[in-house]
Amino acid sequence: MRLSRDGAGATRIHLARDAGGDADPTIDFDAFLNAAVPSDDAQRWREALDRSAATLEPFSLEARILDGAGAARRHRVAASPVRLADGTIAWTGVAVDLGAPRPQASDRGRTGDRLRQAVASLKMRDREFRMVEEIAKLGHWASSYGSSGAVRFRCSPGAAAIFGVTPAALEIPLADYVARFVHPEDAGRVQAGTAGLGEGATGRRSREYRIRRADGAIRWIHEVEEALARSEDGRVETAGIIQDITERKETEMALREREERLHAALDVSRTSTYRWNLRTNTIEEDESIHGLIGVGSGAIRNLDDYFTHVHPADRDALAAAADRSAREGTDLAVDYRVLQPDGTVLWVSERGRIFFDDHGRPLHMTGAITDITERKMFEEHQRLLLAELSHRVKNTLAVVHSIALQTLRRSSSLESFAEAFKGRISALSRVHSLLTRSQWRSAGLEELVRQTLAPYGGGGASSLEIAGPKIAVRPKPALALALVLHELATNAAKYGSLSTSSGRLSVIWDETALGLLIRWREEGGPTVEEPAERGFGRTLIERAVAHELDGSVRFEYRGPGLLCEIRVPLTSELSAEEARAPFPGER
């Protein structure tokens with residue numbers, strides 16, 4: 001006897017005659033029951049078959065079957081089920097006629113052989129199923145849901161092995177199962193997933209949650225439960241299959257963590273990855289490319305689409321590098337510019353690697369594109385800075401040379417030369433240090449004045465007044481002003497207000513209609529008179545103001561002290577706002 005039930009619930013039966021007789025055709029099971037089995041026995045047969053389908057357990061019953069003459073004869077029916085790959089449930093079994101005359105010895109032997117074969121087949125099926133459960137870490141159980149609660153009443157050894165207990169330890173009310181075995185963080189979700197089954201809900205439910213084994217280990221399981229039938233007392237009978245999926249979940253979580261780290265690294269470094277199919281010329285970009293070059297999702301489908309975003313001046317070089325890499329199978333390494341929709345130019349660095357098929361033919365290139373705009377701007381700034389530094393070193397050496405010659409020419413002795421030369425070189429050194437702190441961008445005029453006067457004891461004296469708006473001075477005028485202020489301070493220390501304790505000095509600047517006015521006023525020192533001869537200090541001041549600052553200087557020698565007024569235009573070299581100068585390329 002063979003039965004089968006497909007996924008739609010249609011059941012068919014095939015009865016093979018004993019003693020090598022002709023086989024009956026496969027017929028509809030309900031048609032067979034209606035035609036050959038009394039109604040009360042037919043109902044018991046249907047219920048036994050439904051239970052066996054739900055639990056995949058063998059069934060056995062006695063039922064009357066009408067013979068060809070219409071007489072009812074008692075039969076013992078036993079069969080074992082198995083679920084096929086397509087979901088069909090197939091039973092193999094026997095139906096023994098209990099009401100027939102006492103069989104001959106040969107007939108008894110054949111019947112016994114068939115029974116032994118059926119028992120052996122059932123045992124083999126059971127071993128096969130247990131082996132599948134063990135290898136796949138599977139288990140199954142049956143449950144009953146009613147208004148008074150749910151009870152799990154049949155558990156397989158495979159299910160018990162997953163929990164590290166005996167099957168009987170799992171055959172308990174569902175509430176006890178949740179409290180004892182389900183992870184506390186997942187308990188509410190498991191209970192909610194079974195809600196409604198007691199009220200007659202049908203269908204299949206699937207969920208994943210964590211359990212606590214008897215040894216304390218935490219494992220992940222995947223459970224599928226299906227409501228199959230309602231019993232006479234109103235309870236809903238279900239069948240469930242569970243599988244230990246801990247390794248899969250750990251792999252998923254590890255992959256998720258790696259993806260999170262990768263995405264974080266790509267976002268922080270402003271990097272986008274891609275895959276270029278060399279055979280179809282199609283490109284698969286990740287989402288970060290849209291933030292990098294400012295295009296919408298799906299806008300880049302192939303190499304031609306991408307090249308529309310590459311700076312025209314760099315397209316040929318990029319095309320040549322990509323062609324060479326694809327032709328020779330070498331890694332791609334190239335820097336180029338891309339254009340964003342608003343016209344912003346970005347520098348990117350692209351690195352790619354070719355992958356080949358089993359025959360050595362190129363399949364695709366996988367690579368990454370990184371925004372290196374800041375690095376390129378810094379490199380350009382460094383290049384300009386080095387060029388500027390080289391230019392300034394030459395100019396500084398020329399200034400030092402000129403200062404040395406002029407100082408030597410106007411010094412009466414080697415000692416006086418050394419003192420004057422050292423002071424002027426120190427002034428240059430101090431302003432160099434000041435500019436270095438701002439990477440040779442600018443220096444504040446107030447800081448320049450205070451730094452110049454500090455060696456003469458006037459940096460913090462109460463007799464000193466320094467005031468004026470914030471002015472940023474670029475390197476070229478800063479060097480000139482440092483020398484000018486140094487000469488004025490040296491003269492004041494030797495002959496003017498800084499040479500006595502009662503002297504006072506004010507350095508005040510302001511913006512006027514004609515530009516920047518710097519007023520150096522000395523009072524309270526020795527009486528001053530205009531010298532008969534023009535000294536090197538005054539000559540240096542006048543030349544520095546005229547040639548380096550494009551301005552003018554006026555000296556007024558009065559009895560109380562010297563007044564020096566310096567007027568220079570407010571140009572890009574002298575800014576009314578003391579602010580950081582931008583990097584090259586910054587807006």
Side-chain angles (χ1 to χ4, degrees), residues 384-385 387-389 391-396 398-400 402-403 406 424 427-428 430-453 465-492 505-522 534-558 562-584 586-587:
L384 294 176
L385 190 60
E388 179 70 13
L389 180 60
H391 173 70
R392 294 195 183 283
V393 167
K394 292 178 181 179
N395 286 347
T396 301
V399 170
V400 170
S402 175
I403 290 175
Q406 294 295 333
R424 287 161 183 160
L428 286 177
R430 287 192 297 273
V431 73
H432 270 255
S433 298
L434 185 61
L435 290 169
T436 300
R437 291 203 296 269
S438 67
Q439 298 184 349
W440 276 78
R441 293 170 183 159
S442 64
L445 180 55
E446 180 177 348
E447 189 176 7
L448 188 63
V449 172
R450 292 189 180 278
Q451 180 178 264
T452 302
L453 294 176
E465 180 184 4
I466 299 175
K470 290 185 178 298
I471 299 292
V473 186
R474 294 299 187 103
K476 182 179 178 180
L479 290 170
L481 279 174
L483 288 175
V484 169
L485 294 171
H486 168 73
E487 293 301 324
L488 290 172
T490 301
N491 185 74
L505 171 64
S506 64
V507 184
I508 299 175
W509 61 93
D510 200 0
E511 298 177 58
T512 68
L514 300 178
L516 177 66
L517 171 62
I518 302 175
R519 182 177 287 107
W520 177 286
R521 185 189 298 275
E522 298 179 30
R534 187 181 298 262
F536 174 64
R538 178 168 176 173
T539 301
L540 187 149
I541 292 173
E542 291 175 342
R543 288 181 179 178
V545 172
H547 297 296
E548 300 297 331
L549 302 176
D550 195 25
S552 61
V553 61
R554 182 177 73 87
F555 290 93
E556 182 178 328
Y557 296 89
R558 304 179 301 172
L562 173 68
L563 172 64
C564 177
E565 292 184 343
I566 302 171
R567 295 183 182 271
V568 295
L570 275 174
T571 63
S572 60
E573 294 292 299
L574 291 175
S575 172
E577 295 183 3
E578 190 174 351
R580 179 182 73 82
F583 279 110
E586 285 186 331
R587 297 182 177 181

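For the numbers below, each heavy atom of this structure counts, side chains included, while hydrogens, waters and symmetry mates do not. Here, residue 1 is the first one in the sequence, and each next residue gets the next number.
Of all heavy-atom pairs between F555 and C564, the closest is CE2-SG, 3.7 Å. Closest approach of V545 and V553 over heavy atoms only: CG1-N, 4.3 Å. When all heavy atoms of G551 and V568 are compared, the closest pair comes out as CA-CG1, 4.1 Å. Between L448 and A478 the shortest heavy-atom distance is CD2-O, 3.9 Å.
In this structure, the separation between CG on L485 and CZ on R450 is 13.0 Å, given to the nearest 0.5 Å. Taken from CD in E447 to OG1 in T452, the straight-line distance is 10.0 Å, to the nearest 0.5 Å. Going from atom CD of E446 over to atom CD1 of I471 covers 11.0 Å, rounded to the nearest 0.5 Å.
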Could you give me the CA-CA distance, side-chain angles and deciding distance for D510 and L517, then say whether side-chain contact (heavy atoms from CB on, under 4.5 Å) is met?
CA-CA 6 Å; D510 200 0; L517 171 62; 5.6 Å; no
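The closest side-chain heavy-atom distance from L562 to Y557 is below 4.5 Å. Put simply, the side chain of L445 reaches to within 4.5 Å of the side chain of L481, judged on heavy atoms. Two residues are said to be in side-chain contact when any heavy atoms from C-beta on lie closer than 4.5 Å; L488 and V507 fail this criterion. Put simply, the side chain of I566 does not reach to within 4.5 Å of the side chain of W520, judged on heavy atoms. When side chains are defined from C-beta on, T512 counts as touching R567, because their heavy atoms get closer than 4.5 Å. Under the 4.5 Å side-chain criterion, counting only non-hydrogen atoms from C-beta, L453 is in contact with I466.
In this structure R554 satisfies the salt bridge (charged side-chain N to carboxylate O under 4.0 Å, His left out) test together with E556, E565, sequence neighbours excluded. Here S506 pairs with E465, I508, R521 under the side-chain contact (heavy atoms from CB on, under 4.5 Å) rule; sequence neighbours left out. Applying the salt bridge (charged side-chain N to carboxylate O under 4.0 Å, His left out) test to R538 and every residue at least two apart in sequence or in another chain returns E530, E542.
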